[in-house]
Amino acid sequence: MSFRLREFRPEDLERVIFINRTCLPENYTRGFFLSTYRSFPDLFLVAEVDGVIVGYIMCRIERSIWGLGGARGHVISIAVMPEHRRKGIGTALLREALSRMAERYGVGECFLEVRVSNTPAISLYEKLGFVRKTVLKGYYLDGEDAYLMSKSLSSFAS
Ligand code: ACO
Ligand code: ZN
């Protein structure tokens, strides 16, 4: 099995929405996907197997709040179709996005939120060097808590 990564294109939207709805309860409007893409087209990546998109990662760069710290990368959403998991696709998507954040945007840190029960995702993030910073109580609509996780990109090597 081989996969390839490339940047999202607007014509991929319906497939990415399908993957997002299949894999996650956190869903977004078409407008949100497209405006994130327009703002950071090189941080919205898809993974293809035999020309079919099986996973995506969507990120953005956020300015510092009240001038504290520098701008940070934010992984908004990552998902891989169930039948293509545990093949390294999630790792490849995340590593490529992190390296682009560091090299193209010069950010020193990346963060994300993840459900405290989401062991597969937490394992992936920890494997890539993310650490749990804090618990965001009741972060999700159903009341589940999130871990706020972050990773320093200052020494990131892709
Ligand atoms: N159980 C334990 N560890 C796991 C699991 C699992 N089910 N899945 C992945 N991991 C860990 C392992 O350490 C794995 O390495 P290994 O296979 O060598 O042991 C490592 O993560 C990397 O796995 P990949 O194959 O690169 O990851 P995959 O392509 O399977 O994608 C993902 C991981 C994206 C989390 C996938 O499981 C998924 O789509 N889940 C549903 C959607 C989701 O939860 N997304 C994250 C929400 S949070 C957010 O988006 C910011
Ligand atoms: Zn987030």
Side-chain angles (χ1 to χ4, degrees), residues 1-63 70-115 117-133 140 146-158:
M1 200 281 313
S2 68
F3 59 88
R4 80 181 253 273
L5 304 189
R6 64 167 173 80
E7 290 180 6
F8 171 89
R9 299 189 288 253
E11 59 264 35
D12 302 328
L13 182 61
E14 295 312 318
R15 178 67 184 167
V16 166
I17 285 176
F18 173 77
I19 295 171
N20 170 249
R21 296 199 173 168
T22 302
C23 298
L24 283 166
E26 286 69 50
N27 306 134
Y28 311 97
T29 62
R30 300 166 57 86
F32 181 78
F33 280 105
L34 289 174
S35 71
T36 304
Y37 158 72
R38 278 189 223 102
S39 300
F40 301 100
D42 49 359
L43 298 181
F44 194 159
L45 307 173
V46 298
E48 287 179 326
V49 172
D50 296 331
V52 176
I53 298 173
V54 301
Y56 71 87
I57 187 168
M58 176 171 69
C59 313
R60 68 181 175 218
I61 304 294
E62 295 178 8
R63 282 176 218 286
R72 299 182 302 170
H74 180 180
V75 179
I76 300 168
S77 185
I78 178 173
V80 174
M81 289 294 277
E83 61 272 28
H84 289 285
R85 290 181 191 161
R86 297 311 284 267
K87 297 173 177 175
I89 295 175
T91 301
L93 285 166
L94 186 53
R95 288 188 70 89
E96 180 62 24
L98 293 173
S99 113
R100 286 169 176 235
M101 287 174 191
E103 288 163 14
R104 302 182 182 205
Y105 294 90
V107 299
E109 191 183 12
C110 177
F111 75 98
L112 55 81
E113 303 90 12
V114 59
R115 285 177 181 269
S117 65
N118 193 346
T119 307
I122 294 166
S123 305
L124 164 64
Y125 303 145
E126 290 185 333
K127 200 167 182 175
L128 287 195
F130 282 81
V131 294
R132 299 173 208 197
K133 286 292 194 190
Y140 293 98
Y147 288 123
L148 177 67
M149 300 185 74
S150 73
K151 172 183 166 62
S152 167
L153 301 180
S154 49
S155 63
F156 190 83
S158 62

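One is the number of the first residue; the rest follow in order along the sequence. Here the structure is a predicted model, which is why all the values come from computation and not from measurement.
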S.K.: Restricting to side chain to side chain donor-acceptor pair (under 3.5 Å), what partner residues turn up for R15, sequence neighbours left out?
M.R.: none
S.K.: Taking only residues two or more places apart in sequence, or in another chain, which ones meet Y147 in a ring-ring contact (aromatic ring centres under 6.0 Å, His included)?
M.R.: none
S.K.: What residues, two or more places apart in sequence or in another chain, satisfy side chain to side chain contact (heavy atoms under 4.5 Å, CB included) together with R6?
M.R.: R4, R9, D12, V46, E48, I53
S.K.: Can you list every side chain to side chain donor-acceptor pair (under 3.5 Å) pair that touches residues 29-39, not counting sequence neighbours?
M.R.: E14-R30
S.K.: Work out which heavy atom in L93 is nearest to a heavy atom in G55; give both atom names and the distance.
M.R.: CD1-C, 4.0 Å
S.K.: Run the numbers on E113 and Y140 for side-chain contact (heavy atoms from CB on, under 4.5 Å), then give the verdict.
M.R.: CA-CA 10 Å; E113 303 90 12; Y140 293 98; 4.1 Å; yes
S.K.: Among pairs that include at least one residue of residues 76-97, which meet ring-ring contact (aromatic ring centres under 6.0 Å, His included), considering only residues two or more places apart or in two chains?
M.R.: none
S.K.: Run the salt bridge (Lys or Arg N to Asp or Glu O under 4.0 Å) test against E26 and tell me which residues pass, sequence neighbours left out.
M.R.: R115
S.K.: Who pairs with S117 by side chain to side chain donor-acceptor pair (under 3.5 Å), at least two apart in sequence or on another chain?
M.R.: E144
S.K.: Residues two or more places apart in sequence or in another chain: which of them pass side chain to side chain donor-acceptor pair (under 3.5 Å) with E7?
M.R.: R100
S.K.: Roughly how far, to the nearest 0.5 Å, is the CZ atom of R86 from the OG1 atom of T91?
M.R.: 9.5 Å
S.K.: Would you mind reporting whether M101 and L153 have side-chain heavy atoms less than 4.5 Å apart?
M.R.: yes
S.K.: Just do the side-chain contact (heavy atoms from CB on, under 4.5 Å) check on C110 and V75 with the steps written out, would you?
M.R.: CA-CA 7 Å; C110 177; V75 179; 3.7 Å; yes
S.K.: Testing the basics here: between A92 and L5, what is the closest heavy-atom pair and its distance to 0.1 Å?
M.R.: O-CD1, 3.5 Å
S.K.: So which heavy atom on L24 is nearest to which on I78, and how close?
M.R.: CD1-O, 3.8 Å
S.K.: Quick one: list whatever passes side chain to side chain donor-acceptor pair (under 3.5 Å) with E109, sequence neighbours left out.
M.R.: S150
S.K.: Going through the checks in order, is the side-chain contact (heavy atoms from CB on, under 4.5 Å) test met by R72 and V107?
M.R.: CA-CA 6 Å; R72 299 182 302 170; V107 299; 5.6 Å; no
S.K.: Can you name the closest pair of heavy atoms from I61 and A71 and give their distance?
M.R.: CG2-CB, 4.0 Å
S.K.: Under the side chain to side chain donor-acceptor pair (under 3.5 Å) rule, what pairs show up with a residue in residues 52-63, not counting sequence neighbours?
M.R.: N20-Y56, Y56-S77, R60-E62, E62-H74
S.K.: Please tabulate, for side-chain N and O atoms in residues 119-131, each donor-acceptor pair with protein atoms closer than 3.5 Å (sequence neighbours left out).
M.R.:
residue : atom : partner : partner atom : Å
S123    : OG   : T119    : O            : 2.7
E126    : OE2  : R132    : NE           : 2.9
E126    : OE2  : R132    : NH2          : 3.0

S.K.: Between F8 and F33, is the ring centroid distance below 6.0 Å?
M.R.: no
S.K.: If you define the side chain from C-beta out and look only at heavy atoms, does anything of C23 sit under 4.5 Å from R85?
M.R.: yes
S.K.: To the nearest 0.5 Å, what is the distance between CG (L98) and CD (E103)?
M.R.: 10.5 Å
S.K.: State the NZ-CG distance between K151 and L94, to the nearest 0.5 angstrom.
M.R.: 8.5 Å
S.K.: Side-chain contact test, heavy atoms from C-beta onward, threshold under 4.5 Å: evaluate it for V16 versus F44 and give yes or no.
M.R.: yes
S.K.: Who pairs with F32 by ring-ring contact (aromatic ring centres under 6.0 Å, His included), at least two apart in sequence or on another chain?
M.R.: Y28
